[in-house]
A.B. asks: 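Below you will find the structure I want to go over with you.
Everything numeric here is computed off the predicted structure, so don't read it as measured data.
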Protein chains: 2
Amino acid sequence: MLKKERHDFIMRQINLHNRVLTSDLVQLLNVSEDTIRRDLQELVDENLLYKVHGGALSKSYHSSFDDSTVYARDSKIAIGKKAVQLIKDGMVVLTGGGTTILEFVKLLPQGLSATFFTISPLVAVELAKYNNIEVILIGGLFSKNSQVTYGGQVITQLSEIKADLCLMGTSAIHPEEGLTDTYWEINQLKKAMLACAKRTGVLCISEKLDIALRLRVCPIESISYLITELDVEHESLSRYREKELNIL
Amino acid sequence: MLKKERHDFIMRQINLHNRVLTSDLVQLLNVSEDTIRRDLQELVDENLLYKVHGGALSKSYHSSFDDSTVYARDSKIAIGKKAVQLIKDGMVVLTGGGTTILEFVKLLPQGLSATFFTISPLVAVELAKYNNIEVILIGGLFSKNSQVTYGGQVITQLSEIKADLCLMGTSAIHPEEGLTDTYWEINQLKKAMLACAKRTGVLCISEKLDIALRLRVCPIESISYLITELDVEHESLSRYREKELNIL
DNA sequence: CGCGTTTTTGCGTGTTTTTGCAATAAAATA
DNA sequence: TATTTTATTGCAAAAACACGCAAAAACGCG
């Protein structure tokens, strides 16, 4: 293998996973540690990555580290970790869009082998970083606000899918009113998504609890899992515990 | 064996495997290392490949390790500016993916009112920033390498579209061989894209000129506009000027 | 044809690049 | 602190490379 090819390989790994371990590269590329170290040093000289003890980091990673632009990022990561537990090898999963789902995707285990349908381009791009995940992007009109595809075509395609699990973010959830939304199109979309999955998980930061908006998506009983960043025993969730749904 | 034959052989190997080792060529062609090295140097002078220690690499093999640092960004912006001139209010445009297209999208005028179909999630997200552009994302299997949707479903959907203009990036273009590609799926995809647009523009940085890969997408005559970062009168384009296509 | 010129090719020689190893230093971990 | 893991440095061997040279072949032209 040529040096340039090795460099390209390393850069691909870095851009894919934002980080790379020297020891992993040694195995993957089947060369000595010294060679990898020299490679990394040369890439540093070309200003393409950061070198740290044990491996290297992507440059864009550092800039996206102060990515505090994502509102309540810590909470969303906590939710993501819980949601990951629902995913098993071989599953067919349907996801919506939103920053919470995005954080969830970033937390999936590397080796996971599964099929993901999604209406969110950004989620698709993130999912594509996993080698063993098949990604199907559902196409249609693209919403400027919610950054997902919507409209009749999307709903038609959804009707042809049978997923094991549907994961979606939420605008509002209420113990009596269930899942609600403000926009007609998004409302229709969520109904269609619910309809094609055996079970549904709702990812919901605590501040969206106990809110009801104009349009009803589904009653609370239609939801299988409610996933928040709060402890399962937290009192804010007491009124949801009475209902027939699993709280994570 | 004549020198020209050797050169052709080397280029075939390169386009087939994206790389070639000096030592392999020595064996295959049964000549001395020096001859191979001279050959490679001459091919470099003709701008047909990259020479590296140990062999040579294809020019089209510019692995997508550009996340933050888009390769040849200036050139791509120059191309984008030219491509923008083709877009008029009310048009229906179909675009592929790739960094060149992405730069083009960023350069569109704010007020533009048009309809864009695209197979690239990233392009869709970028297009969504324009208020008066309707964005339709064509869904299907999502390719981890090229970051676009592909496969039967995409092609079916494309067949239902009638676009005024199709804009695509390119892996390789050659005055005689036309547009070519390495992967079957992408090849099929590009054919389908061409078929549904009245006119086609190819965005092509100059280093992709005069390269022919394994699979033919279309002859050069099927292209309406060739858009490079070079001046229209540049000599590298002379062999394309003889053909029936507009050069921007 | 003859003769000078150019092109092509391989060889020898010295240089540079690449790579792994060993010894030592530094950092992380327990 | 002790131990393990990771880095650094210098060194040496192998591989790849560049350059000049010369023989052979191809070419041009009177």
A.B. asks: Do the side-chain N and O atoms of A/Y240 and A/D210 include a donor-acceptor pair separated by under 3.5 angstrom?
C.D. replies: yes
A.B. asks: Which part of the nucleic acid, if any, lies within contact of B/V52, taking any heavy atom under 4.0 Å across all strands shown: a base, the sugar-phosphate backbone alone, or nothing?
C.D. replies: sugar-phosphate
A.B. asks: Whole angstrom is fine here: how far is it from CG in B/L21 over to C1' in D/dC17?
C.D. replies: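 Going from CG in B/L21 over to C1' in D/dC17 covers 15 Å.
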A.B. asks: Please state how far atom CG in A/L40 lies from atom C1' in D/dT6, giving the value in whole angstrom units.
C.D. replies: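 Computing the A/L40:CG to D/dT6:C1' distance gives 12 Å.
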A.B. asks: What is the distance, rounded to the nearest whole Å, between atom NZ of A/K4 and atom P of C/dT17?
C.D. replies: 18 Å
A.B. asks: So, are A/R12 and A/D8 salt-bridged, with charged N and O less than 4.0 Å apart?
C.D. replies: no
A.B. asks: Can you tell me how far OG1 of A/T228 sits from CD1 of A/I247, rounded to the nearest 0.5 angstrom?
C.D. replies: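 If we round to the nearest 0.5 Å, A/I247:CD1 and A/T228:OG1 are 7.5 Å apart.
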A.B. asks: Please compare B/H53 and B/L2 by the position of their nearest nucleotide in DNA chain C and report the one closer to 5'.
C.D. replies: B/L2
A.B. asks: Can you tell me how far P of C/dT6 sits from NZ of B/K3, to the nearest Å?
C.D. replies: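 Taking atom P of C/dT6 as the reference, NZ of B/K3 is at 16 Å.
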A.B. asks: Taking only the side-chain heavy atoms of B/V31 (C-beta and beyond), determine which of C/dG10, C/dT8, D/dA16 contains the nearest atom.
C.D. replies: C/dG10
A.B. asks: Looking at A/R38 and A/E42, is any side-chain nitrogen of the basic one under 4.0 Å from a carboxylate oxygen of the acidic one?
C.D. replies: no
A.B. asks: Is there a donor-acceptor contact under 3.5 Å from the side chain of B/E229 to the main chain of B/S206?
C.D. replies: yes
A.B. asks: Does the distance from a Lys or Arg side-chain N to an Asp or Glu carboxylate O, for B/K190 and B/D181, drop under 4.0 Å?
C.D. replies: yes
A.B. asks: Ignoring hydrogens and angles, tell me if any N or O in the side chain of B/N187 forms a donor-acceptor pair with the backbone of B/R216 under 3.5 Å.
C.D. replies: yes
A.B. asks: Regarding A/S23, tell me which of base, sugar-phosphate or nothing describes its non-hydrogen contacts under 4.0 Å with the strands shown.
C.D. replies: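 It contacts nothing in the nucleic acid.
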A.B. asks: How many whole angstroms separate atom CD1 of A/I36 from atom P of C/dC21?
C.D. replies: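 Interatomic distance, CD1 of A/I36 to P of C/dC21: 14 Å.
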A.B. asks: Here's a test of your reading of the structure: between A/T22 and B/G55, which maps to the more 5' nucleotide of DNA chain D?
C.D. replies: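 With A/T22 and B/G55 compared, the 5'-side residue is A/T22.
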A.B. asks: Flag this pair as yes if the NZ/CZ of A/K59 is under 6.0 angstrom from the six-membered ring centre of A/Y50 and inside a 45 degree cone about the axis; otherwise no.
C.D. replies: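 Because its charged atom sits under 6.0 Å from the ring centre and within 45° of the axis, A/K59 does stack over A/Y50.
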A.B. asks: With a 4.0 Å limit, can you tell me whether A/T35 has a side-chain N or O closer than that to the phosphate oxygens OP1/OP2 of C/dG20?
C.D. replies: yes
A.B. asks: State plainly whether the residues B/E126 and B/K129 are in salt-bridge range, i.e. N to O under 4.0 Å.
C.D. replies: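 Yes.
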A.B. asks: May I have the distance from B/R6 (atom CZ) to C/dT8 (atom P), rounded to whole angstrom?
C.D. replies: 9 Å
A.B. asks: Take atom CG of A/D39 and atom P of C/dT17, then tell me their distance rounded to the nearest Å.
C.D. replies: 15 Å
A.B. asks: Taking Watson-Crick (N1-N3 plus N6-O4 or O6-N4) and G-U wobble (N1-O2, O6-N3), each under 3.5 Å, can you produce the dot-bracket string of DNA chain D? Use [ ] for crossing pairs and | for inter-strand ones.
C.D. replies: ||||||||||||||||||||||||||||||
A.B. asks: In whole angstrom, give the distance that lies between atom NE2 of A/H7 and atom C1' of C/dT17.
C.D. replies: 12 Å
A.B. asks: Please enumerate all protein N or O atoms sitting under 3.5 Å from an N or O of nucleotides 18-27 of chain D, with distances to 0.1 Å.
C.D. replies:
{"residue": "D/dC19", "atom": "N4", "partner": "B/D34", "partner atom": "OD2", "Å": "3.1"}

